[in-house]
Amino acid sequence: MVTALKETVNFVTAPAILITMAAVVFFLAMRYRIFWKPRVALAAGLAGASFFVVSLFDPNFALIVKKPDNIPIVALLFLVGFFVWLAMSQALENDDRIARGEAVREASGGEAEKTSVWPNLVYTEMLAMILVTVVLIVWAIVFKAPIEEPANPARTPNPSKAPWYFLGLQEMLVYFDPWLAGVVFPTLIIVGLMAIPYIDKNPKGNGYYSFKERRVEITIFLFGFLILWVLLVILGTFLRGPNWNFFGPYEFWDTHKLEALVNVNLSEYFWIRLLNRRMPSMLVRELPGMLLVVLYLGVLPVLLATRERLLVVPVGRGRRVTVIPGLRKYYEKLGPARCSVFVLLLLCMMALPIKMVLRWLFNLKYIVAMPEIFFNI
């Protein structure tokens with residue numbers, strides 16, 4: 001029975017299943033308020049803590065999570081969940097207050113427009129500073145520093161992992177070329193975060209938590225942060241072992257584990273498997289992939305900006321479900337320049353889950369593969 005449960009957990013935590021399930025739960029949570037009720041959140045937290053404590057009895061699980069390097073990631077897993085719930089619960093409470101015509105929680109007595117820095121902010125920061133200092137001192141005394149042996153070119157670590165805050169980028173290397181995963185996407189992340197105040201000038205939601213007034217913006221940000229960053233960090237920390245192979249949480253990290261490399265480029269799908277022809281020259285060979293990239297980054301933004309619904313699926317009895325919404329109202333609200341930047345950043349962010357799905361379903365390696373000039377997408 002225990003072995004069957006462990007095998008089930010190992011199967012469910014495979015990247016394709018884990019990320020898909022997390023995305024589904026995320027969008028359900030963004031849609032239904034029941035996920036943010038205190039009892040539901042407490043039950044989820046206790047279930048996660050119980051799973052963690054019981055799993056410590058498994059030697060393979062304990063060996064990974066008890067590493068000094070990984071203890072902060074365990075804490076991050078629970079702290080991120082708690083603070084996201086806290087922010088969302090306060091936002092939903094404020095939405096109810098606004099609907100009733102009451103002041104938001106952040107408005108102190110007699111100061112609905114502003115809150116003094118002293119003592120409201122400085123006092124809280126001082127207490128937080130003292131608490132964090134105590135935690136760090138205790139941590140430094142109890143746990144040994146994760147210092148390894150001096151660098152030895154004849155004995156490289158396996159797996160060779162980046163620092164935890166870069167593990168999301170290292171996981172992206174599974175799906176993208178290094179120039180994209182290591183240069184372009186990190187730059188777009190930084191530029192995108194810098195551009196948020198200039199793209200969205202709506203004053204609603206400034207200075208207080210609110211979900212209703214920022215539903216789309218908060219959903220997009222949390223999807224990028226939780227699913228495309230925190231989850232990839234957790235996956236890279238606990239589920240990627242020797243040779244960057246996937247290992248379940250209860251699976252032994254066998255350095256001799258081999259996985260078949262069955263990934264295929266789009267050009268091979270098109271010319272060999274579809275048309276049953278030999279590969280032509282480089283530019284002609286990659287023409288289908290280049291056309292897809294142009295359509296994705298050139299034509300799709302125009303369609304999104306000019307339509308309220310891009311893809312609608314009928315479900316019977318005259319009902320239709322919007323699968324891909326349009327961004328026409330954002331084009332009218334933001335204008336051509338700001339909407340163009342917004343759509344470009346959004347499409348670049350969504351390129352990661354799209355590439356993941358293509359890899360899981362079709363073993364697609366590159367959409368455009370030009371190793372002759374070191375250019376792959």
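No experiment lies behind these values; they were computed from the predicted model shown.
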*Side-chain donor/acceptor of D177 to backbone N/O of W179, under 3.5 Å*: no

*asked:* Between Y330 and V299, is there shared hydrophobic-cluster membership here, with clusters defined by ILVMFWY side-chain heavy atoms closer than 4.5 Å?
replied: yes

*Should L173 and W164 be regarded as members of a common hydrophobic cluster, given that ILVMFWY residues are connected when their side-chain heavy atoms come within less than 4.5 Å of each other, either directly or indirectly?*
no

*Atom pair CZ/CG of R100 and D95 - distance to nearest 0.5 Å*: 10.5 Å

*Test item: F185 and M349 side chains (from C-beta on) under 4.5 Å apart, heavy atoms*: no

*Side chain of T20, backbone of I17: donor and acceptor closer than 3.5 Å?*
no

_What I'd like to find out is whether the side chain of V293 reaches to under 4.5 Å of the side chain of Y296, using heavy atoms alone._
no

*Should we say atom CZ of F362 is surrounded by more than 12 heavy atoms from elsewhere, each under 6.0 Å from it?*
no

*What is the distance from atom CZ of F252 to atom CG of D58, rounded to the nearest 0.5 Å?*
12.0 Å

*Could you go step by step and tell me if R155 and E149 meet the salt bridge (charged side-chain N to carboxylate O under 4.0 Å, His left out) rule?*
CA-CA 10 Å; R155 188 174 181 271; E149 63 183 49; 3.2 Å; yes

*Of all residues at least two apart in sequence or in a different chain, which pass the side chain to side chain contact (heavy atoms under 4.5 Å, CB included) check with A91?*
Y209, F211

_Would you say NZ of K37 has more than 12 non-hydrogen atoms from neighbouring residues, nucleotides or ligands within 6.0 angstrom?_
no

*When rounded to the nearest 0.5 angstrom, what distance separates CD1 in I73 from CG in L167?*
7.0 Å

*Measuring from L291:CG to L295:CG, what's the distance to the nearest 0.5 Å?*
6.5 Å

*Single-linkage hydrophobic cluster, 4.5 Å side-chain cutoff, V294 and I377 together*: no

*Please test L352 against M172 for side-chain contact (heavy atoms from CB on, under 4.5 Å), starting from the C-alpha separation and ending with a verdict.*
CA-CA 8 Å; L352 177 57; M172 288 166 59; 3.9 Å; yes

*Does F51 CZ have over 12 foreign heavy atoms under 6.0 Å away?*
yes

_Side-chain heavy atoms of F342 within contact of L327, under 4.5 Å_ = yes

*asked:* When you compare the side chain of L5 with that of V9, does any pair of heavy atoms fall below 4.5 Å?
replied: no

*Do the side-chain N and O atoms of N94 and S210 include a donor-acceptor pair separated by under 3.5 angstrom?*
no

*asked:* Would you say M356 ends up clustered with L292 if hydrophobic residues are merged whenever their side chains have heavy atoms under 4.5 Å apart, either directly or through other cluster members?
replied: yes

Run the side-chain donor-acceptor check on residues 24-35: report pairs under 3.5 Å with partners two or more places apart or on a different chain.
from	atom 1	to	atom 2	distance (Å)
R33	NH1	D96	OD1	3.0
R33	NH2	D96	OD2	2.8

_Rounded distance (nearest 0.5 Å) linking atom CD1 of I218 with atom CD of E213_ = 9.5 Å

*Would one find more than 12 heavy atoms of other residues, nucleotides or ligands at under 6.0 Å from atom CG of N152?*
yes

*Minimum side-chain heavy-atom gap L169-L232 below 4.5 Å*: no

*I64 and N70: side-chain contact (heavy atoms from CB on, under 4.5 Å), yes or no, with the steps?*
CA-CA 7 Å; I64 302 302; N70 296 342; 3.8 Å; yes

_I71 and F143, any side-chain heavy atoms less than 4.5 Å apart_ = yes

*For the hydrophobic clusters of this structure (ILVMFWY residues joined by side-chain heavy atoms under 4.5 Å, transitively), does one cluster hold both M21 and I227?*
no

*Are Y366 and F176 close enough, and set up right, to give a side-chain contact (heavy atoms from CB on, under 4.5 Å), and what steps lead you there?*
CA-CA 8 Å; Y366 292 127; F176 290 97; over 6 Å; no

Name the atoms and distances for all side-chain donor-acceptor pairs under 3.5 Å in residues 242-250, with sequence neighbours left out.
from	atom 1	to	atom 2	distance (Å)
N243	OD1	N158	ND2	3.3
N243	ND2	T255	O	3.2
N245	ND2	K257	O	3.0
Y250	OH	S55	OG	2.6

*Below 4.0 angstrom, N of the basic side chain to O of the carboxylate: do E268 and K365 qualify?*
no

*asked:* Checking the side chain of R97 only, and the main-chain atoms of A103 only, is there a donor and an acceptor separated by less than 3.5 Å?
replied: yes

_Heavy atoms of other groups near R214 CZ, more than 12 under 6.0 Å_ = yes

*Let me see the working for L275 and F270 under side-chain contact (heavy atoms from CB on, under 4.5 Å), right down to the final yes or no.*
CA-CA 6 Å; L275 300 182; F270 183 80; 3.6 Å; yes

*Of all heavy-atom pairs between L18 and L235, which one has the smallest distance, and what is that distance?*
CD2-CD1, 4.3 Å

*Main-chain N/O of S267 paired with N265 side-chain donor or acceptor, under 3.5 Å*: no

*Ignoring hydrogens and angles, tell me if any N or O in the side chain of S160 forms a donor-acceptor pair with the backbone of P157 under 3.5 Å.*
no

*Would you call E372 and R285 a salt bridge, using N to O less than 4.0 angstrom?*
yes

*Would a 4.5 Å heavy-atom cut-off, applied to side chains only, mark R359 and N263 as touching?*
yes

*How about L300 and L347: do any of their side-chain heavy atoms sit closer than 4.5 Å?*
yes

_Can you confirm if the NZ or CZ of R273 lies within 45° of the ring axis of Y269 and under 6.0 Å from the centre of its six-membered ring?_
yes

_Parallel, tilted or perpendicular: rings of W85 and F82 (30°, 60°)_ = tilted

*Keeping the roles fixed (side chain from R338, backbone from I199), state whether a donor-acceptor pair exists under 3.5 Å.*
yes

*Applying salt bridge (charged side-chain N to carboxylate O under 4.0 Å, His left out) between E171 and each of R240, K161, K355, report the one that passes.*
R240

